[in-house]
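Sequence lines set the chain letters: A, B, ... in the order given, protein chains first and strands last, and positions in each chain run from 1. For the numbers below, each heavy atom of this structure counts, side chains included, while hydrogens, waters and symmetry mates do not. Everything quoted here is computed from the prediction, not taken from an experiment.
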2 protein chains.
Amino acid sequence: MQVAPPDFDRMFGALADATRRDIVRRAIDAEEGVAELAEHYPMSFAAVQKHVAILERAGLVTKVRIGRRKVVRTNLEGLRVARRLLDQYEEVWRGRLGRMAQLVGEDRKEPPR
Amino acid sequence: MQVAPPDFDRMFGALADATRRDIVRRAIDAEEGVAELAEHYPMSFAAVQKHVAILERAGLVTKVRIGRRKVVRTNLEGLRVARRLLDQYEEVWRGRLGRMAQLVGEDRKEPPR
DNA sequence: GAGACATACAACCGTATGGTTGTATCGAGA
DNA sequence: TCTCGATACAACCATACGGTTGTATGTCTC
């Protein structure tokens, strides 16, 4: 079996909603089922269920059966995948600085006296 | 003037599109105007312009006039704001681990012999 | 000032998204 | 096995989104 490649569209799309971000935060404690989560928000159970499903497809949460409930648990590794992409941009940025220094010339590193 | 509070919906929403993420990456070098950017993608100039506008409203890029063009430059600080939110989740996670250890009891830190 | 290049913006179209209600499935307990 | 609590899923609706084309605004260059 293959590990699915990260789907950044889905990941960032899932994070682009305040309700879903709040679910992610709450589900770090991995204590609540879908119905319990739903009580925190001014919308129907079905709507929250959809949000959880979107987070699940994005790899940001998982559900584990406990008794007759399914407890939602955030998948830290998923969050890290997203974070890593942002880190990459930062690295490209530093690379740019390096290239600029080269273009300008080494001598700029130590100012002329 | 006030600094606008970060709008995570817009930020993550802007990042949830491969074309826009590519623009962010390209614009780190801050060399291309909108028209030049548009040449990289299989869509109209106007479509790319819209993508840039979305990134701009999300605070992820800025445009600076250079001659008759407007050069797109990615705003690293915007990316950092997004990254920081993901870091916060990580911190909450660590906090949870701390609380769990407390619940279980200190003695678990050093296993009985 | 005229012409050309670069950007901006409005109107429109198909599809995706976020919400609703209603119905079906599944697991636990009497 | 019957029932209840929890989850799942389908159908539907309004609005947002990603793309198009067409027109308007700026700004260099001659």
- Item | Euclidean distance, B/T74 OG1 relative to B/D29 CG, rounded to 0.5 Å | 9.5 Å

- Task: Rounded to the nearest 0.5 Å, what's the gap from CD1 on B/I23 to OH on B/Y41? Could you check?
- Result: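 With rounding to 0.5 Å, CD1 (B/I23) is 5.0 Å from OH (B/Y41).
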
- Distance-only, no hydrogens or angles: does the A/N75 side chain make a donor-acceptor pair with backbone N or O of A/G59 under 3.5 Å?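 Answer holds: yes.
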
Any heavy-atom pair between the side chains of [Y] and [X] that's under 4.5 Å?
{"X": "B/D22", "Y": "B/T19", "value": "no"}
{"X": "A/L79", "Y": "A/L76", "value": "yes"}
{"X": "A/L15", "Y": "B/F8", "value": "no"}
{"X": "A/V72", "Y": "A/E32", "value": "no"}
{"X": "B/M11", "Y": "B/L85", "value": "no"}

- Item | Partner residues of B/A16 under the side-chain contact (heavy atoms from CB on, under 4.5 Å) criterion, sequence neighbours left out | A/F12

- Contacts of B/R20 that satisfy side-chain contact (heavy atoms from CB on, under 4.5 Å) - sequence neighbours left out: B/A14, B/D17, B/H51, B/I54, B/L55

Can you list every pair that meets salt bridge (Lys or Arg N to Asp or Glu O under 4.0 Å) and has a residue in [range], with sequence neighbours left out?
{"range": "residues 37-46 of chain A", "value": "none"}
{"range": "residues 75-88 of chain B", "value": "A/R83-B/D87, A/D87-B/R83, A/E90-B/R80, B/E77-B/R80, B/E77-B/R84"}
{"range": "residues 46-59 of chain B", "value": "B/E56-B/K63"}

- Along DNA chain D, first and last positions that approach a heavy atom of chain B under 4.0 Å: D/dG18 to D/dT29

- Query: Other than A/V71, what residues sit in its cluster of Ile, Leu, Val, Met, Phe, Trp and Tyr side chains whose heavy atoms are under 4.5 Å apart, directly or through others?
  - Reply: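 Via sub-4.5 Å side-chain contacts, A/V71 links to A/V64, A/I66.
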
- Under a 4.0 Å heavy-atom cutoff, the residues of residues 65-72 of chain B touching DNA chain C are B/R68, B/R69, B/K70

- Item | Contact residues, residues 31-44 of chain A to DNA chain C [heavy atom, < 4.0 Å] | A/M43, A/S44

- Task: Name all pairs fulfilling the side-chain hydrogen bond (donor to acceptor under 3.5 Å, both in side chains) condition that reach into residues 64-73 of chain A, sequence neighbours left out, sorted by first residue then second.
- Result: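 Residue pairs passing side-chain hydrogen bond (donor to acceptor under 3.5 Å, both in side chains), neighbours aside: A/E36-A/R69.
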
- Can you sort out which residues in residues 45-62 of chain B have a heavy atom within less than 4.0 Å of DNA chain D? Ascending by number, please.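 Listed by number, they are B/A46, B/A47, B/K50, B/H51, B/I54.
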
- Query: What bend angle does the helix from C/dG1-D/dC30 to C/dA30-D/dT1 show across its length, from five-pair end axes and to the nearest 10 degrees?
  - Reply: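 Roughly 20° between the end axes, to the nearest 10°.
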
- Task: Using atom CZ of A/R21 as one end and atom P of C/dG18 as the other, report the distance to the nearest whole Å.
- Result: 12 Å

